[in-house]
Each structure stands twice: as C-alpha cells, then as structure tokens.
Amino acid sequence: MHVLILGGTTEARALAGLLHPGTRVTSSLAGRVAAPRLPAGEVRIGGFGGPDGLAAWVRQHAVDAVIDATHPFAERISFNAARAAATAHVPLLALRRPGWVPGEGDDWRDAGSLAEAAEALDGLGDRVFLTTGRMGLAAFADRPVWFLVRSVDPPDAPMPARTEVLLDRGPFTLDGERELIARHRVDVLVTKDSGAAATAPKLTAAREARIPVVVVRRPPAPEGVPTATTPEEAAAWAAAL
C-alpha cells in the first residue's frame with residue numbers, strides 16, 4: 001500500500017512515523033521552509049502543478065490513498081487534493097487539528113482574513129506581536145504601529161515599515177512567551193487559528209497580560225471529505241483500507 005501525505009505539519013510527521021515502515025509513505029512538502037523537519041519514509045518537495053498534476057502524480061506512483069495533513073490555512077492545496085483524489089479515484093482523508101477555543105479571561109477579536117485583522121488593529125494598541133507567518137505581511141504594510149514578526153524563515157516583502165523580525169521555530173514555552181511579551185512591551189497579539197498545541201502558549205501569555213488577541217478564522221474546507229483530528233485516527237483510517 002502506498003499512502004501520499006500532503007504534509008509539512010507536526011501532525012503529518014507524526015502520521016508518517018505511525019505508518020512507516022509497515023506502509024510505503026511519501027510525504028509531500030511545499031518547500032516554503034528552507035530547512036524543514038523531514039518525516040519518516042520517502043519525501044518529495046515542491047508543488048504538483050494544480051489538481052491535474054497531483055492526479056497524474058498519484059496515478060504514476062501507484063498511490064492507494066491520500067491524506068491531506070497540510071496547515072489549516074493551506075486552502076488551495078486542500079481543494080486541489082479533493083479534486084485530484086476524485087479524478088484519480090483514490091480515497092482522501094483530511095487530518096485537521098481542532099481549532100482553538102477562547103477561555104475565561106480571553107479578549108479575542110474575530111477576523112475573516114489578514115486584511116480584516118489589519119483593520120481590527122485600529123485603536124487596540126501600538127505594539128503588535130504578529131504570528132501569522134512570513135507570508136501575507138502586505139496586509140499590514142500600511143499600519144502605523146510597531147510589529148514584532150515571528151517566523152521560521154525571513155519574511156517576504158512588502159512588510160510594515162516599523163518591524164522587528166524574530167526568526168524562531170516552535171514549540172514555544174509559556175515562560176518564553178511571557179518574557180517575550182513583557183520584553184517587547186506587546187499590547188496586541190495577532191494570530192491565525194492554527195490550533196497547534198506547540199504555539200498555544202502565546203494565547204495563555206496574552207490572557208495573563210490582559211492584551212487583546214485578533215484571531216484569523218480558518219478558511220472553509222472542501223465539502224464531502226472525511227476528517228480525522230489526530231494522527232492516530234488517520235493511521236487507523238489508512239489501516240482500514
């Protein structure tokens with residue numbers, strides 16, 4: 001059996017480790033991170049050329065099942081995977097970690113996009129901790145406030161004029177996030193609802209510091225695709241095939 005994992009996430013790496021070596025696994029990474037953490041099994045890096053290219057690759061490499069374990073905000077590849085799986089007539093599963101849920105004491109502001117998140121900053125504060133990744137900073141380029149941008153690799157231009165870049169990779173600790181917020185005098189946090197436990201401590205630190213958090217909602221997922229919430233559930237799905 002050959003399983004193609006559309007990966008790049010912590011869950012994708014865990015899933016590859018659960019399936020390999022009993023099952024042939026190929027993990028596909030987008031190539032947007034310079035030095036990614038490689039999963040067990042075979043690895044390919046780069047795009048497929050859209051849904052038709054992905055369907056062709058699935059057929060050419062005799063893939064029996066596809067598991068979309070990409071980031072919750074990787075909207076295009078998820079829809080491409082749904083179309084490709086239907087074209088190639090192979091089963092598809094989406095592995096999606098649960099989203100974050102606000103707790104008592106949280107001051108969360110909902111945003112439907114990065115552009116809405118940028119608009120929501122008006123009047124919230126002057127020192128923003130921006131943790132939405134290195135791409136999409138153009139949405140904040142005209143904001144007059146100061147930004148601390150944290151990403152794994154250097155961010156792409158354009159970006160806000162008053163920006164300090166912090167290159168770092170999770171998981172992050174609660175003590176570390178507390179210290180970061182205090183040292184940089186952060187008064188607003190902006191994040192995507194990635195749902196990852198590795199990056200959740202910033203939300204606790206923001207609650208403790210009593211600062212507002214602008215949370216960008218996840219994009220819609222393809223309809224009709226079954227979903228698992230843990231690597232173990234996804235591995236059981238593959239085994240049942």
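Nothing fancy with the numbering, it's 1 onward along the sequence. These figures come from a predicted structure and were not determined experimentally.
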A.B. asks: For L167 versus P154, what's the shortest heavy-atom pair and its separation?
C.D. replies: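 In terms of heavy atoms, the two residues are closest at CD2-N, 3.6 Å.
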A.B. asks: For R44, look at atom CZ and say whether over 12 heavy atoms of other residues, nucleotides or ligands are found less than 6.0 Å away.
C.D. replies: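 Yes, CZ of R44 has more than 12 neighbouring heavy atoms, counting only those of other groups under 6.0 Å.
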A.B. asks: Please determine whether a side-chain nitrogen of the Lys or Arg among E164 and R127 lies less than 4.0 Å from a carboxylate oxygen of the Asp or Glu.
C.D. replies: no
A.B. asks: Between G195 and R97, what is the shortest heavy-atom contact and its length?
C.D. replies: C-CD, 3.4 Å
A.B. asks: Go through the steps to decide whether L19 and V3 satisfy the test side chain to side chain contact (heavy atoms under 4.5 Å, CB included), and finish with yes or no.
C.D. replies: CA-CA 9 Å; L19 294 176; V3 176; 4.2 Å; yes
A.B. asks: Under 3.5 Å, is there a donor-acceptor pair between the side chain of S27 and the main chain of L4?
C.D. replies: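 Here the side-chain-to-backbone pair does not exist.
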A.B. asks: What pairs with R210 under salt bridge (charged side-chain N to carboxylate O under 4.0 Å, His left out), at least two apart in sequence or on another chain?
C.D. replies: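 Once residues adjacent in sequence are excluded, R210 has no partner under the salt bridge (charged side-chain N to carboxylate O under 4.0 Å, His left out) criterion.
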A.B. asks: Which pair of heavy atoms, one from G112 and one from E116, lies closest together, and at what distance?
C.D. replies: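 In this case the closest contact between G112 and E116 is N-OE1, 2.7 Å.
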A.B. asks: Should D156 and R134 count as an ion pair when the cut-off is N to O under 4.0 Å?
C.D. replies: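 Yes, D156 and R134 are salt-bridged.
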A.B. asks: For the CZ atom of R143 and the CD atom of E119, what is their distance to the nearest 0.5 Å?
C.D. replies: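 It comes to 7.0 Å.
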A.B. asks: What heavy-atom pair brings A205 and L174 nearest, and what distance separates the two atoms?
C.D. replies: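 Result for this residue pair: N-CD1, 3.8 Å.
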A.B. asks: Would you mind reporting whether P39 and I5 have side-chain heavy atoms less than 4.5 Å apart?
C.D. replies: no
A.B. asks: First locate atom CZ of R13, then atom CG of L18, and finally report the distance between them rounded to the nearest 0.5 Å.
C.D. replies: 13.0 Å
A.B. asks: Just wondering, do V66 and V58 contact through their side chains at under 4.5 Å, heavy atoms?
C.D. replies: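 Result yes, sub-4.5 Å side-chain heavy-atom pair found.
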A.B. asks: CG of D153 to CZ of R169: how many Å apart, nearest 0.5 Å?
C.D. replies: 7.5 Å
A.B. asks: Can you measure from CG (L124) to CG (D107) and round to the nearest 0.5 angstrom?
C.D. replies: 8.0 Å
A.B. asks: What are the two closest heavy atoms between R37 and P171, and how far apart are they?
C.D. replies: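 Distance-wise, the nearest heavy atoms are NH1-CD, 4.4 Å.
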A.B. asks: Do V165 and P155 come within less than 4.5 Å of each other through their side chains, counting heavy atoms only?
C.D. replies: yes
A.B. asks: Would H2 and T26 satisfy side chain to side chain donor-acceptor pair (under 3.5 Å), going step by step from the backbone distance to the final call?
C.D. replies: CA-CA 8 Å; H2 186 191; T26 299; 2.8 Å; yes
A.B. asks: Any chance you could lay out the side chain to side chain contact (heavy atoms under 4.5 Å, CB included) test for S28 and F48, step after step, and finish with the verdict?
C.D. replies: CA-CA 9 Å; S28 177; F48 291 95; 3.3 Å; yes
A.B. asks: In Å and rounded to the nearest 0.5 Å, what is the CZ to CZ distance from F147 to R162?
C.D. replies: 9.5 Å
A.B. asks: Given the rule in the side chain to side chain contact (heavy atoms under 4.5 Å, CB included) test, do S78 and R96 qualify, once you have shown the distances and angles that lead to the verdict?
C.D. replies: CA-CA 11 Å; S78 293; R96 290 287 181 267; 2.6 Å; yes
A.B. asks: Less than 4.5 Å apart, any side-chain heavy atom of L137 and any of L130?
C.D. replies: yes
A.B. asks: With clusters defined by side-chain heavy atoms of hydrophobic residues (ILVMFWY) lying less than 4.5 Å apart, directly or transitively, does V214 cluster with F73?
C.D. replies: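 Both belong to a single hydrophobic cluster.
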A.B. asks: If you take all heavy atoms of G7 and L29, which pair is closest and at what distance?
C.D. replies: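 What the structure gives for the nearest pair is C-CD2, 4.0 Å.
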A.B. asks: Closer than 4.0 angstrom, basic N to acidic O: yes or no for R185 and D126?
C.D. replies: no
A.B. asks: Starting from W108 and following side-chain heavy-atom contacts under 4.5 Å between hydrophobic residues (I, L, V, M, F, W, Y), which residues can be reached?
C.D. replies: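 For the cluster that includes W108, the remaining residues are W100, F129, W146, L148, L166, L180, I181, V186, L189, L203, I211, V213, V215.
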A.B. asks: Would F140 and V128 count as a side chain to side chain contact (heavy atoms under 4.5 Å, CB included) if you check the C-alpha gap in whole Å, the side-chain angles of each, and the deciding distance to 0.1 Å?
C.D. replies: CA-CA 11 Å; F140 301 89; V128 181; over 6 Å; no
A.B. asks: Which residue pairs pass the salt bridge (charged side-chain N to carboxylate O under 4.0 Å, His left out) test with at least one member in residues 77-89, sequence neighbours excluded?
C.D. replies: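 Every pair satisfying salt bridge (charged side-chain N to carboxylate O under 4.0 Å, His left out) with a residue in residues 77-89: there are none.
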A.B. asks: Heavy atoms, side chains only, cut-off 4.5 Å: are T199 and T131 in contact?
C.D. replies: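 T199 vs T131: side chains apart.
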A.B. asks: Indicate yes or no: at least one non-hydrogen side-chain atom of R150 is less than 4.5 angstrom from one of T132.
C.D. replies: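 A side-chain contact under 4.5 Å is absent here.
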A.B. asks: Determine the interplanar angle of the W57 and H61 rings, folded into 0 to 90°, and report it as parallel if under 30°, tilted if 30 to 60°, perpendicular if over 60°.
C.D. replies: parallel
A.B. asks: Measure the spacing between CG of L114 and NZ of K192 and express it to the nearest 0.5 Å.
C.D. replies: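 So the gap between those two atoms works out to 5.0 Å.
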A.B. asks: Measure the shortest side-chain to side-chain distance between P91 and L241 over non-hydrogen atoms and say whether it is less than 4.5 angstrom.
C.D. replies: yes
